[in-house]
Amino acid sequence: MTSISIHSLAADALVFHAGRLADIMAHTVNDGAAIGYMQPFSTTDGRAFFTTQVFPEVRTGKRKLLAAELDGEIAGSVQLILALPPNQPHRCEVAKMMVHPVARRKGVGRALMAALETEARAAGKTLITLDTKTGDKAEPLYKAAGFRTAGIIPGFALDPDGAAMHATTYMYKAL
């Protein structure tokens, strides 16, 4: 039986987990996940993303970084962006939901989304938004977590392999 635990990574734990988070990101992008990056994507690219973009915002409280451990090893992560424009203090955004390809279909994504909602509520948020590649494997996960479709924008971004453009579905959940 698998054991999943979710942790909000504190500032003092970020550097320790940077390598594993970068590895998950590289595998996720190279497996075709449309999370804003192009293939080929290396662990060096992933480490740069986390250390220059994510970790500074976690340290200042603008972003939460949740990590999922599957049987004692980090297998996925998701971010909750808390710092939005002044006219949106009630809202937060989901960013970079990633589950290592070998850990998928084991409840990791579902556990991350449940913990993310708990974090949003604890931060006093009443609305969570996200966007995802239309028809992507993650879209049913978000729907199962209670997110509703707000709309679809065709031709929004390139697929990670650069071969085609895809539509993006915007989703929301009121808390």
Side-chain angles (χ1 to χ4, degrees), residues 1-37 41 43 46-47 49-50 53-55 57-59 61-83 91-150 168-175:
M1 177 163 169
T2 59
S3 170
I4 300 170
S5 60
I6 308 297
H7 307 281
S8 179
L9 296 182
D12 60 349
L14 299 176
V15 174
F16 178 79
H17 294 295
R20 181 61 182 158
L21 293 167
D23 179 64
I24 291 167
M25 187 170 188
H27 277 89
T28 300
V29 172
N30 291 321
D31 191 51
I35 58 171
Y37 291 91
F41 190 87
T43 54
R47 186 179 288 270
F49 166 74
F50 278 101
Q53 295 182 44
V54 178
F55 293 171
E57 289 194 1
V58 170
R59 288 185 183 106
K62 294 178 180 178
R63 182 183 301 240
K64 293 277 188 178
L65 175 60
L66 304 180
E69 286 187 13
L70 178 66
D71 297 329
E73 183 173 7
I74 293 181
S77 70
V78 67
Q79 299 164 43
L80 184 66
I81 300 172
L82 299 167
R91 188 173 75 83
C92 55
E93 290 181 6
V94 177
K96 308 294 185 258
M97 164 63 105
M98 298 181 276
V99 176
H100 195 290
V102 300
R104 292 188 185 144
R105 310 288 310 156
K106 296 180 180 178
V108 173
R110 187 171 44 252
L112 281 166
M113 291 306 293
L116 181 127
E117 184 175 326
T118 298
E119 290 284 344
R121 287 180 191 277
K125 304 300 180 178
T126 58
L127 181 67
I128 306 175
T129 61
L130 63 83
D131 67 275
T132 187
K133 177 181 175 182
T134 303
D136 190 64
K137 299 172 211 171
E139 196 170 352
L141 169 69
Y142 300 137
K143 287 181 180 178
F147 282 79
R148 300 179 65 177
T149 299
T168 290
T169 301
Y170 277 86
M171 303 180 86
Y172 68 96
K173 182 174 184 176
L175 301 178

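Treat the numbers as computed from the prediction; the structure is a model and nothing was measured.
Not a single side-chain hydrogen bond (donor to acceptor under 3.5 Å, both in side chains) links Thr118 to another residue, sequence neighbours left out. For His17, there are no ring-ring contact (aromatic ring centres under 6.0 Å, His included) partners, not counting sequence neighbours. Residues passing the salt bridge (charged side-chain N to carboxylate O under 4.0 Å, His left out) test with Arg20, sequence neighbours excluded: Asp23, Glu73. The side-chain hydrogen bond (donor to acceptor under 3.5 Å, both in side chains) test applied to Thr132 returns no partner, not counting sequence neighbours. Checked against side-chain hydrogen bond (donor to acceptor under 3.5 Å, both in side chains), Thr129 has the following partners two or more places apart in sequence or in another chain: Arg91. For Glu69, there are no salt bridge (charged side-chain N to carboxylate O under 4.0 Å, His left out) partners at least two apart in sequence or on another chain. Here Phe49 pairs with Tyr37 under the ring-ring contact (aromatic ring centres under 6.0 Å, His included) rule; sequence neighbours left out. Remark: Thr28 pairs with no residue by the side-chain hydrogen bond (donor to acceptor under 3.5 Å, both in side chains) rule, at least two apart or across chains.
Screening residues 94-114 for ring pair (Phe, Tyr, Trp, His ring centres under 6.0 Å) gives His27-His100 as the qualifying pairs, with residues at least two apart or on separate chains. Screening residues 116-127 for salt bridge (Lys or Arg N to Asp or Glu O under 4.0 Å) gives Lys64-Glu119, Glu117-Arg121, Glu117-Lys173 as the qualifying pairs, with residues at least two apart or on separate chains. Residue pairs meeting the ring pair (Phe, Tyr, Trp, His ring centres under 6.0 Å) criterion with at least one partner in residues 115-148, sequence neighbours excluded, are absent.
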Quiz: residues 104-116 side-chain donor-acceptor pairs under 3.5 angstrom, not counting sequence neighbours:
from: Arg104; atom 1: NE; to: Val99; atom 2: O; distance (Å): 3.0
from: Arg104; atom 1: NH1; to: Asp31; atom 2: OD2; distance (Å): 2.6
from: Arg104; atom 1: NH2; to: Val99; atom 2: O; distance (Å): 3.1
from: Lys106; atom 1: NZ; to: Val102; atom 2: O; distance (Å): 3.3

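No option in Lys96, Lys62, Arg63 other than Arg63 meets the salt bridge (Lys or Arg N to Asp or Glu O under 4.0 Å) test with Glu57.
For CZ of Arg148, the number of neighbouring non-hydrogen atoms (other residues, nucleotides, ligands) closer than 6.0 Å is 12 at most.
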